[in-house]
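One structure below.
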Amino acid sequence: MKVGILDSTLREGEQTPGVVFTIDQRVEIAKALSDVGVQMIEAGHPAVSSDIYEGIKRIMKLKREGLITSEIVGHSRAVKKDIEVAAELEVDRIAIFYGVSDIHLKAKHHVTREEALNIIAETISYAKSHGVKVRFTAEDGSRTDLDYLIKVCKTARDAGADRVSIADTVGILYPTKTRELFSTLVREVPGLEFDIHAHNDLGLAVANALAAIEGGATIIHTTVNGLGERVGIVPLQVIAAAIKYHFGIEVVKLNKLQQLASLVEKYSGIPMPPNYPITGDYAFIHKAGIHVAGVLNDPSTYEFMPPETFGRSRDYVIDKYTGKHALKDRFEKLGVKLSDVELDQVLAKIKSNPNVRFYRDVDLLEIAESVTGRVLKPKPPE
Ligand code: AKG
């Protein structure tokens with residue numbers, strides 16, 4: 001099984017409402033993505049604005065200096081002017097997209113299926129004539145008639161594209177259908193490799209990406225924190241963890257994902273919810289007494305992978321759900337020894353205040369002092 005990541009935080013990610021990256025931020029994000037080890041970085045659509053153009057220029061300079069190692073992809077409409085702008089920047093690959101569903105052909109491009117094939121072939125050949133690698137994106141590929149989609153892929157291949165991205169532009173695929181779609185394309189169009197660009201409108205983007213890998217896709221499009229149009233696309237941190245868990249492949253350096261997620265959270269201004277998988281504050285925090293007791297004995301009882309894999313650590317919170325194991329452990333960590341009976345008394349006090357959201361260490365010490373009548377001195381933090 002062969003699979004890699006194309007991260008599109010700088011292109012799709014910047015299409016999140018309200019998100020704008022400065023040139024310096026673009027360069028810093030690209031450097032961080034390369035350090036994490038993504039195979040390809042979609043660095044932007046340079047014909048859109050001068051800052052995106054300048055950002056790619058600086059990213060390409062770092063690439064030439066060996067400070068960025070990922071393949072750099074420039075995005076382009078199927079329009080010669082856009083291709084020229086991307087080619088001028090000497091990116092490694094130009095990604096040309098064109099809506100190929102009947103809806104897009106009719107409502108957006110106003111062309112027939114046949115005319116679209118000609119435009120696709122012509123623009124790919126034009127890009128190839130600039131000496132770059134070309135990916136073609138079948139925009140709205142998931143809503144495209146299958147026989148026509150196969151024709152589109154063959155046309156792209158014959159014109160010189162070595163990769164075709166199948167975009168689930170409005171996020172309507174589900175895993176069984178995704179696996180079937182990719183297996184069919186891999187079988188029917190030899191000589192091409194396939195990407196999946198999965199939107200998350202139904203919350204299925206990660207599941208669809210996994211199914212696409214099973215079907216033969218070799219590149220998954222991601223953004224850090226799942227940014228992108230509307231509700232975004234596959235989050236890099238989640239798919240990387242899922243690929244490691246299910247297929248045993250470390251597609252990127254998992255222990256660097258937290259830092260990258262925080263960087264993009266800061267620069268995008270889109271806060272990561274605490275219950276976000278892998279990089280959210282609560283991703284490795286346990287609560288219920290049964291869970292904490294299990295984790296204290298063997299963390300794998302309630303963790304699919306150890307938090308250390310992702311450069312994180314586990315913790316648990318104390319409230320009315322807490323059990324005696326957790327409480328004992330917490331006091332031991334504080335260097336305070338309580339008898340069994342005292343622990344029961346502290347627990348009873350906690351449960352008698354069911355609306356308290358979190359007990360901090362100082363709160364616990366206060367309760368323990370009131371129960372025991374002793375002055376309790378916690379050991380200084382390490
Ligand atoms: C989409 O269809 O959602 C896209 O962003 C297509 C562009 C691409 O993947 O090249």
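In each ligand, atom 1 is the first atom listed, and ligand 1 is the first ligand listed. Both backbone and side-chain heavy atoms feed into the values below; hydrogens, waters and symmetry mates do not.
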Distance, nearest 0.5 Å, that separates NE2 of His45 from CG of Leu10:
14.5 Å

What is the distance from atom NE2 of His199 to atom CG of Asp168, rounded to the nearest 0.5 Å?
8.0 Å

For a distance cut-off of 3.5 Å, show me each N or O of ligand 1 paired with any protein N or O, plus the separation.
{"residue": "ligand 1", "atom": "2 (O)", "partner": "Thr169", "partner atom": "OG1", "Å": "2.6"}
{"residue": "ligand 1", "atom": "3 (O)", "partner": "His197", "partner atom": "NE2", "Å": "3.3"}
{"residue": "ligand 1", "atom": "3 (O)", "partner": "His199", "partner atom": "NE2", "Å": "2.8"}
{"residue": "ligand 1", "atom": "5 (O)", "partner": "Arg11", "partner atom": "NH1", "Å": "3.3"}
{"residue": "ligand 1", "atom": "5 (O)", "partner": "Arg11", "partner atom": "NH2", "Å": "3.1"}
{"residue": "ligand 1", "atom": "5 (O)", "partner": "Glu12", "partner atom": "OE1", "Å": "3.1"}
{"residue": "ligand 1", "atom": "5 (O)", "partner": "His197", "partner atom": "NE2", "Å": "3.1"}
{"residue": "ligand 1", "atom": "9 (O)", "partner": "His197", "partner atom": "ND1", "Å": "3.3"}
{"residue": "ligand 1", "atom": "10 (O)", "partner": "His75", "partner atom": "NE2", "Å": "2.7"}
{"residue": "ligand 1", "atom": "10 (O)", "partner": "Arg135", "partner atom": "NH2", "Å": "2.8"}
{"residue": "ligand 1", "atom": "10 (O)", "partner": "Thr137", "partner atom": "OG1", "Å": "2.7"}

Return a table of donor-acceptor pairs under 3.5 angstrom between the side chains of residues 252-261 and protein atoms on other chains or two or more places apart.
{"residue": "Lys253", "atom": "NZ", "partner": "Asp35", "partner atom": "O", "Å": "3.0"}
{"residue": "Gln258", "atom": "OE1", "partner": "Arg312", "partner atom": "NE", "Å": "3.1"}
{"residue": "Gln258", "atom": "NE2", "partner": "Thr279", "partner atom": "O", "Å": "3.2"}

With distance as the sole criterion, is a donor-acceptor pair present between the side chains of Thr218 and Glu193 under 3.5 Å?
yes

Do Arg330's NZ or CZ and the ring of Tyr316 fall within the cation-pi criteria of under 6.0 Å and 45°?
yes

Would you call the rings of Phe304 and Phe284 parallel, tilted or perpendicular, where under 30° means parallel and over 60° means perpendicular?
parallel

